[in-house]
Amino acid sequence: MYTPAITGSGVFTPSNVITNEELVESFNAHVDLFNVENAEAIAAGDVTAKEHSSAEFIFKASGIEQRYVLDKEGVLDPKRMYPHFRQRSDDEPGIMTEIALDACHKALAAAGRTGEEVDLVICAASNMERAYPAVAIEIQQGLGAGGFGFDMNVACSSATFGIQAAADMVRSGSIRCAIVVNPEITSGHLEWRDRDCHFIFGDVATAVVIERAEDAKGDHFIVHSTRCATQFSNNIRNNNGFLRRTRPDGVADRRDMQFMQNGRKVFKEVVPMVSAHILAHMEEEGRSSDQLSRMWLHQANKGMNDFIGKKVLGRVPEKGEQPNILQDYANTSSAGSIIAFSKYSDDMAKGDIGLICSFGAGYSVGSVIVEKA
Ligand code: COA
């Protein structure tokens, strides 16, 4: 058995930023257009009038101040409200592969490795841009990697579930060097026309390199253990899928073909589930929470993270103990905890213990206990 370690990480950040104010301005223009276009039906009581959004509400309810997106124009066009991506030919890399490769190259550079040294690529994300061939295999080709690749989808928990799979394979010796990459084009699944959730998501790609600790070329994080759990819930759901055209209304523009959630219920149910999961994982490892130097949590809602941090540590986390990046990136699905890890781990001292934790649809929760070496 070998000891797995995270030896490098990388983040691709799109160049377009949308502030809450810009988002609300376009959303409110969309609402005004909708209400005028549907005035008769609204007056007859057949259609519900849409209400304006507010930047103050967004910040207060979520902690989000802005988000990055691959295409700003389409998202902010009040007559469109979703991104424009050009049609790529089958001979070109897909858009997920393109942003994934950027994050992979950064992670490999941090690990002092080249793509040819990789023998496993896991593309772990909330959405895949096509059914097959696996996006991971295209990324594998782009990296010049050997071995094999496969896609995984556990929604917002995809990164930690991917890390568990890769770490277990490194541990057993079936692979030597893995890359787990999370290209999250959440702007494609977000319903930008829904006031309850239009502010939630942003685009990004993250990657981590996982290999034998004995092979690490520099500072690294030993993966002590991982723990994944799932429990079925309909409170976060997207019904889009390959059977879409078979249904009576075919490919109609239906609300449930995009991200849907019952945010309040998610908040209430997921916070205790995640806190209990982390505490049980720490106990199983024979560690108490006061041994935790840092928690890199999933980035969905600042309030949720504040609750989880307090429950796990038994006190309000000190500044820097539980870094949030959601104010800048919003919810980037599976990538959130890895952005936090990538940006806020260099300063840790040898022997410091940290915990990466992601959670979300399923419900699902995954945690990874690491030690700086
Ligand atoms: N602008 C202004 N007001 C808004 C609004 C908006 N964009 N969206 C909702 N409101 C209003 C609602 O109509 C409601 O008004 P009411 O009290 O008069 O009925 C009020 O604000 C509260 O709405 P609610 O949906 O209960 O807000 P919330 O405090 O639960 O915050 C979320 C909403 C989505 C930020 C929060 O529930 C959340 O983050 N949940 C967890 C999300 C999550 O982790 N999801 C996982 C995805 S991976």
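Residue indices begin at 1 and follow the sequence shown. Counting starts at 1 for both ligands and their atoms, following the listed order.
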>> I'd like to know if atom 26 (O) of ligand 1 has any protein heavy atom within a distance of less than 4.0 Å.
In response: yes

> Does the Asn235 side chain pair with the main chain of Asn262, one donor and one acceptor, at a distance under 3.5 Å?
Replying inline: no

> Relative to ligand 1, is Ala61 under 4.0 angstrom through side chain, backbone, both or neither, heavy atoms considered?
Replying inline: both

> If you draw the axis of the six-membered ring of Tyr2, does the NZ or CZ of Arg212 fall within 45° of it and under 6.0 Å from the ring centre?
Replying inline: yes

> Phe232 and Tyr363: aromatic ring centres closer than 6.0 Å?
Replying inline: no

> Should side-chain heavy atoms under 4.5 Å link Ile, Leu, Val, Met, Phe, Trp and Tyr, which residues sit in the same cluster as Met128?
Replying inline: Phe12, Leu70, Phe85, Ile95, Met96, Ile99, Leu101, Leu108, Val118, Val121, Val135, Ile139, Leu143, Ile179, Val181, Ile185, Val209

> At a non-hydrogen distance cut-off of under 4.0 Å, which region of Ser53 contacts ligand 1 (side chain, backbone, both, or neither)?
Replying inline: both

> Between Val270 and ligand 1, which part of the residue brings a heavy atom under 4.0 Å of the ligand: side chain, backbone, both or neither?
Replying inline: neither

> When you measure from atom 12 (C) of ligand 1 to every protein heavy atom, which one gives the shortest distance, and what is it?
Replying inline: Arg195 NH1, 3.9 Å

> Taking only residues two or more places apart in sequence, or in another chain, which ones meet Ser53 in a side-chain hydrogen bond (donor to acceptor under 3.5 Å, both in side chains)?
Replying inline: His198

> Is Arg176 close to Glu117 at the side-chain level, that is, under 4.5 Å between some pair of heavy atoms?
Replying inline: no

> So which heavy atom in the protein is nearest atom 48 (S) of ligand 1, and how far is it from that ligand atom?
Replying inline: Cys156 SG, 2.9 Å

> How far is atom 39 (O) of ligand 1 from its nearest protein heavy atom, and which residue and atom is that?
Replying inline: Asn301 ND2, 2.7 Å

> Just heavy atoms, cut-off under 4.0 Å: does Glu51 contact ligand 1 by side chain, backbone, both, or neither?
Replying inline: neither

> Can you list the ligand 1 atoms lying under 4.0 Å from a non-hydrogen atom of Asp196?
Replying inline: 8 (N), 9 (C)

